[in-house]
Amino acid sequence: QVQLVESGGGLVQAGGYLRLSCAASRRIFSISAMGWYRQAPGKQRELVATVTNVGSTNYADSVKGRFAISRDNARNTVYLQMNSLKPEDTAVYYCNVNTRLTPSSYWGQGTQVTVSS
């Protein structure tokens with residue numbers, strides 16, 4: 001059983017920054033992509049950023065230029081550097097890992113990010 005543990009969330013003022021981390025409890029093989037999603041109160045969960053096993057990245061338009069996703073495959077860890085945070089970034093952020101050889105999707109429990117004005 002694999003668990004994803006997110007960390008780095010918290011309360012920050014607008015314009016500030018946070019770095020989220022997501023680490024797997026044990027080694028995950030055949031990772032195809034890793035990413036971050038978020039869900040604000042009363043809204044649907046949305047894609048924030050993804051990075052594939054070959055390093056291709058994708059970002060939601062709302063975070064382009066402000067957020068950066070990176071990963072360390074050897075450590076089964078994915079990061080999300082969030083700069084120039086805005087109140088609308090307030091949400092629970094979830095880590096996601098997808099595998100290909102044995103198709104699976106793993107989700108973390110989420111970490112709260114609150115941006116004050």
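Worth knowing before you read on, the calculation uses all heavy atoms, side chains too, and leaves out hydrogens, waters and symmetry mates.
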**Student:** Using modelled atom types only, decide if a donor and an acceptor are shared between the side chain of Tyr59 and the backbone of Ile69 within a distance under 3.5 Å.
**Tutor:** yes

**Student:** Treating Ile, Leu, Val, Met, Phe, Trp and Tyr as nodes and any side-chain heavy-atom pair under 4.5 angstrom as an edge, say whether Val2 and Met34 lie in one connected cluster.
**Tutor:** yes

**Student:** Mind checking the NZ-CD spacing from Lys43 to Glu88? Nearest 0.5 Å is all I need.
**Tutor:** 8.5 Å

**Student:** Look only at the side chain of Ser62 and the backbone of Ala60, and say whether a donor-acceptor pair between them is shorter than 3.5 Å.
**Tutor:** no

**Student:** I'd like to know whether CD of Gln44 has more than 12 heavy-atom contacts from other residues, nucleotides or ligands below 6.0 angstrom.
**Tutor:** no

**Student:** Do Asn53 and Arg71 make a side-chain contact, defined as non-hydrogen atoms from C-beta onward lying under 4.5 Å apart?
**Tutor:** no

**Student:** Treating Thr90 as the side-chain partner and Val115 as the backbone partner, does any N or O pair qualify as donor plus acceptor under 3.5 Å?
**Tutor:** yes

**Student:** Do the rings of Tyr94 and Trp107 sit parallel, tilted or perpendicular, given the 30° and 60° boundaries?
**Tutor:** perpendicular

**Student:** Are Tyr106 and Val92 co-members of a hydrophobic cluster defined by side-chain heavy atoms under 4.5 Å apart?
**Tutor:** no

**Student:** Could you tell me whether the side chain of Gln3 and the main chain of Ala24 form a donor-acceptor pair under 3.5 Å?
**Tutor:** no

**Student:** Stepwise, does the side chain to side chain contact (heavy atoms under 4.5 Å, CB included) test hold for Arg19 with Tyr79?
**Tutor:** CA-CA 7 Å; Arg19 182 178 173 85; Tyr79 306 92; 3.3 Å; yes

**Student:** Taking side chain as C-beta onward, heavy atoms only, is Ser105 less than 4.5 Å from Val97?
**Tutor:** no

**Student:** Would Ile28 and Arg26 satisfy side chain to side chain contact (heavy atoms under 4.5 Å, CB included), going step by step from the backbone distance to the final call?
**Tutor:** CA-CA 6 Å; Ile28 302 175; Arg26 64 177 176 85; 5.7 Å; no

**Student:** Taking the side chain as C-beta and beyond, is there a heavy-atom pair between Ile31 and Asn98 under 4.5 Å?
**Tutor:** no

**Student:** Could you tell me if the side chain of Tyr37 sits less than 4.5 Å from the side chain of Cys95, heavy atoms only?
**Tutor:** no

**Student:** For residues Ser117 and Ala14, report the shortest heavy-atom separation together with the two atoms involved.
**Tutor:** CA-CB, 4.3 Å

**Student:** Quick check: closest heavy atoms across Ser32 and Arg100, and the distance to 0.1 Å?
**Tutor:** CB-NH1, 3.6 Å

**Student:** In the single-linkage hydrophobic clustering (I, L, V, M, F, W, Y; side-chain heavy atoms under 4.5 Å), do Leu85 and Leu80 co-cluster?
**Tutor:** yes

**Student:** Output, in order, the C-alpha distance, side-chain angles, deciding distance and verdict of side chain to side chain contact (heavy atoms under 4.5 Å, CB included) for Leu47 and Asn58.
**Tutor:** CA-CA 9 Å; Leu47 171 71; Asn58 182 50; 3.5 Å; yes

**Student:** Please examine the side chains of Leu20 and Met82, heavy atoms only from C-beta on, and report whether any two atoms are closer than 4.5 Å.
**Tutor:** yes

**Student:** Do Phe67 and Trp36 share a hydrophobic cluster (ILVMFWY, side-chain heavy atoms under 4.5 Å, transitive)?
**Tutor:** yes

**Student:** What's the spacing between Gln13 CD and Thr114 OG1 if we round to 0.5 Å?
**Tutor:** 13.0 Å

**Student:** With side chains defined as the heavy atoms from C-beta onward, is the minimum distance between Val12 and Tyr17 less than 4.5 Å?
**Tutor:** no

**Student:** Does atom CD of Gln109 have more than 12 heavy-atom neighbours from other groups under 6.0 Å away?
**Tutor:** no

**Student:** With sequence neighbours excluded, tell me which residues meet side chain to side chain contact (heavy atoms under 4.5 Å, CB included) with Glu46.
**Tutor:** Arg38

**Student:** With Lys86, which residues qualify under salt bridge (Lys or Arg N to Asp or Glu O under 4.0 Å), at least two apart?
**Tutor:** none

**Student:** Measuring from Asn83:CG to Arg66:CZ, what's the distance to the nearest 0.5 Å?
**Tutor:** 9.0 Å

**Student:** I'd like to know if the side chain of Thr99 and the backbone of Ser30 have a donor-acceptor N/O pair within less than 3.5 Å.
**Tutor:** no

